[in-house]
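Single-structure report; data block below.
Sequential numbering from 1 along the given sequence is applied to the chain's residues.
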Amino acid sequence: FGGNAEARLRLRPARRLQYTESVSSMGPQSLTSVKPLVGMAAPPVVFARPGASASQNLCSRVGFFFLAPFIVFLFSRVLDVTVPSLHLPFVFGGATVVAAVLSGELAAVLRMTAVRCMLLFTGWFCLASLFGVWKGGSFALFKDYWTKSLVIFLALACLAVTMERIRTIIHLIALGIALAMLVALTIGATDRENRLIMPVGELANSNALGIFAVLGLPLCWHSVMFSTRGWLTGLLSASASLPMLYVVSRSGSRTALVMLGILFLYGMYRFNWRQRFLLSGIVAPLALVAFLTAPEALLSRYATVFTTSSLQLTEQDTELDAAAVSSTEARLYLLEKSLSITFRNPLLGIGPGNFMVAENELAEQAGRRGSWHVTHNGYTEISAETGLFGFLLYMAALVSIWRSLGKISARVARVPGADQTRNTAMVLRMLFCVSAIGIFFGISLYQYFIPAFMGLAVGFVRFAAVEPATAGLQPR
């Protein structure tokens, strides 16, 4: 669509009626507004709205049926502590991808810049693995992490193409993270620094647990502030944010604390006055209570965000404070080494998952012991392990999505009746903004968190591009 609609009628007679009915259902104003957004080619279906046809397509509905539990399993991590041997995420994820391919949606998403960049990055990942310093580590990373990330990215990009589905996905991710926080608070353990961790799995690390909790907050706020289903949904979503805030305080993660502060400031800047009141009058006091009830040793650790001087509490607390300062110095060392390795291996890097091995070899050459830690910086992890080209491919996908969300926000900024589109775009941008901070301080871009959010955003961009009348987009 777009351009001269009159010329479209000079088609084969058998298709004229179908096209005319599609035009009538969209309205005359929508014809000029269906234009591709940044990073997206023209919709591949000419005679019907792709978003609407997806919801009526049996394979698409079946794929979404399998996608829902797949998301809950991934984000709740309940299978890590119950029945991990069943491999249910693999079963549901595989069924989701098969259904998405059969629905024809995969061919449509391949036209988008972000999707092409992610697929190219996957190919570059494999190529860099062949020349890595430890091929077994690269293969394990691809099998255990990246395949899961790519599946959730493509599944969401293909199937989250209506506003109803997008809202459902947001609720499911928020539910999954809330369940993970409840599991951590119920059966979680503490490390030697008295920081909360999951007993097993990908969240058996206090920093990862705290960051994960912060990522769930914007999704809860979306349901609280922008719910169209009554006060009960908002109340449940507000309740889901309580364990997230408490887990952040008990994790002792300074990265999570910084992310929470950025999230609050971004919300105060972007929200309207009613939403700012809810944020400052409800969420901020709850967060304050959660942190005031945290152990003093963790408060001492949080204080090192602003100063490296000890608070002189108990002897044990002082030791923990010193450990926090030492952790900061170690992160700076790892950042320096990852940048050094990047510029020593700018093309293919040292191979995905190989930073610890390469850093140890450099340390042994200098007569020291290696740290055997990951980079704790998602950006330099990608650049060091897949080279600058792999880094640029991943960043191109992120920037493409960010710009597309910004363009949608600008086009619905003052459009009456486009509240859902405007609010969803704002929350997704908030999520990407706080994720950018988290990536710098420790979120791995190989894990499924960021690819899942990217896939959801791609689905939202597709919805706005192929159903502009429903999204409330105005002509350019």
With a 4.5 Å cut-off on side-chain heavy atoms, are [Y] and [X] touching?
X      : Y      : result
Thr96  : Phe64  : no
Trp221 : Leu263 : yes
Leu156 : Ile71  : yes
Leu196 : Ser206 : no
Met454 : Leu398 : yes
Arg411 : Lys407 : yes
Phe142 : Phe139 : no
Glu381 : Asn377 : no

Partners passing salt bridge (Lys or Arg N to Asp or Glu O under 4.0 Å) against Arg77 (at least two apart in sequence or in another chain) | Asp80, Glu202
From CA spacing to verdict: side-chain contact (heavy atoms from CB on, under 4.5 Å), Phe153, Val115 = CA-CA 9 Å; Phe153 170 75; Val115 177; 4.0 Å; yes
Any chance the side chains of [X] and [Y] put a donor and an acceptor closer than 3.5 Å?
X      : Y      : value
Ser383 : Thr342 : yes
Ser149 : Gln447 : no
Ser338 : Thr375 : no

Does Asn205 have any side-chain contact (heavy atoms from CB on, under 4.5 Å) partners at least two apart in sequence or in another chain, and if so, which?
-> Asn207, Ala208
Set of side-chain contact (heavy atoms from CB on, under 4.5 Å) partners for Phe65, sequence neighbours left out |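 Per chain and number, Phe65 pairs via side-chain contact (heavy atoms from CB on, under 4.5 Å) with no residue.
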Check whether more than 12 heavy atoms from other residues, nucleotides or ligands sit under 6.0 Å from atom [atom1] of [X], and answer yes or no.
X      : atom1 : value
Arg368 : CZ    : yes
Tyr145 : OH    : no
Tyr333 : OH    : yes

Please assess Leu119 against Leu150 for the test side-chain contact (heavy atoms from CB on, under 4.5 Å), listing each intermediate value before the final yes or no.
-> CA-CA 8 Å; Leu119 292 178; Leu150 189 62; 4.2 Å; yes
Let me confirm one number: the [atom1]-[atom2] distance from [X] to [Y], rounded to the nearest 0.5 Å.
X      : Y      : atom1 : atom2 : answer
Leu203 : Ile211 : CG    : CD1   : 10.5 Å
Met426 : Thr421 : CE    : OG1   : 12.0 Å
Asn423 : Met430 : CG    : CE    : 10.0 Å
Ile173 : Leu215 : CD1   : CG    : 10.0 Å
Leu428 : Trp402 : CG    : CH2   : 10.5 Å
Ile382 : Phe389 : CD1   : CZ    : 13.5 Å

Any sub-3.5 Å donor-acceptor pair from [X]'s side-chain atoms to [Y]'s backbone N or O?
X      : Y      : value
Ser76  : Val72  : yes
Ser249 : Tyr246 : yes
Asn360 : Met356 : no
Ser340 : Glu336 : no
Arg195 : Thr190 : no
Ser138 : Pro352 : yes
Arg331 : Phe441 : yes

If I compare all heavy atoms of [X] with all of [Y], which pair ends up nearest, and what's the gap?
X      : Y      : answer
Cys117 : Leu393 : CB-O, 3.5 Å
Val248 : Gly210 : CG2-O, 3.8 Å
Ala114 : Ile401 : CB-CG1, 3.7 Å
Thr386 : Ala128 : CA-CB, 4.3 Å
Leu348 : Trp124 : CD2-CZ2, 3.4 Å
Asn354 : Glu385 : N-OE2, 3.5 Å

Could you tell me how the ring of Phe449 sits relative to the ring of Phe212: parallel (under 30°), tilted (30 to 60°) or perpendicular (over 60°)?
->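 Ring orientation, 0 to 90° scale: tilted.
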According to the interplanar angle, ranging from 0 to 90°, do the rings of Tyr379 and Phe440 count as parallel (below 30°), tilted (30 to 60°) or perpendicular (above 60°)?
->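 Plane angle between 30° and 60°, so tilted.
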Residue pair Phe453, Phe432: steps toward the ring pair (Phe, Tyr, Trp, His ring centres under 6.0 Å) verdict = CA-CA 8 Å; Phe453 299 145; Phe432 274 89; 7.2 Å; no
Between Arg61, Arg165, Arg462, Arg111, which is the residue that forms a salt bridge (Lys or Arg N to Asp or Glu O under 4.0 Å) with Glu105?
-> Arg462
Output field: ring centroids Tyr266/Phe271 closer than 6.0 Å |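 Between Phe271 and Tyr266, which both carry aromatic rings, the centre distance is not below 6.0 Å.
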Check: Phe121 ring centroid to Trp146 ring centroid under 6.0 Å =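 Centroid separation for Phe121 and Trp146: below 6.0 Å.
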Using side chain to side chain contact (heavy atoms under 4.5 Å, CB included) as the criterion, point out the one residue from Val97, Leu456, Leu67 that pairs with Ile152.
-> Leu67
Could you give me the CA-CA distance, side-chain angles and deciding distance for Gln365 and Leu362, then say whether side-chain contact (heavy atoms from CB on, under 4.5 Å) is met?
-> CA-CA 5 Å; Gln365 292 174 5; Leu362 292 176; 3.9 Å; yes
May I have the step-by-step check of side-chain contact (heavy atoms from CB on, under 4.5 Å) for Val183 and Met198, ending in yes or no?
-> CA-CA 8 Å; Val183 170; Met198 287 281 273; 3.8 Å; yes
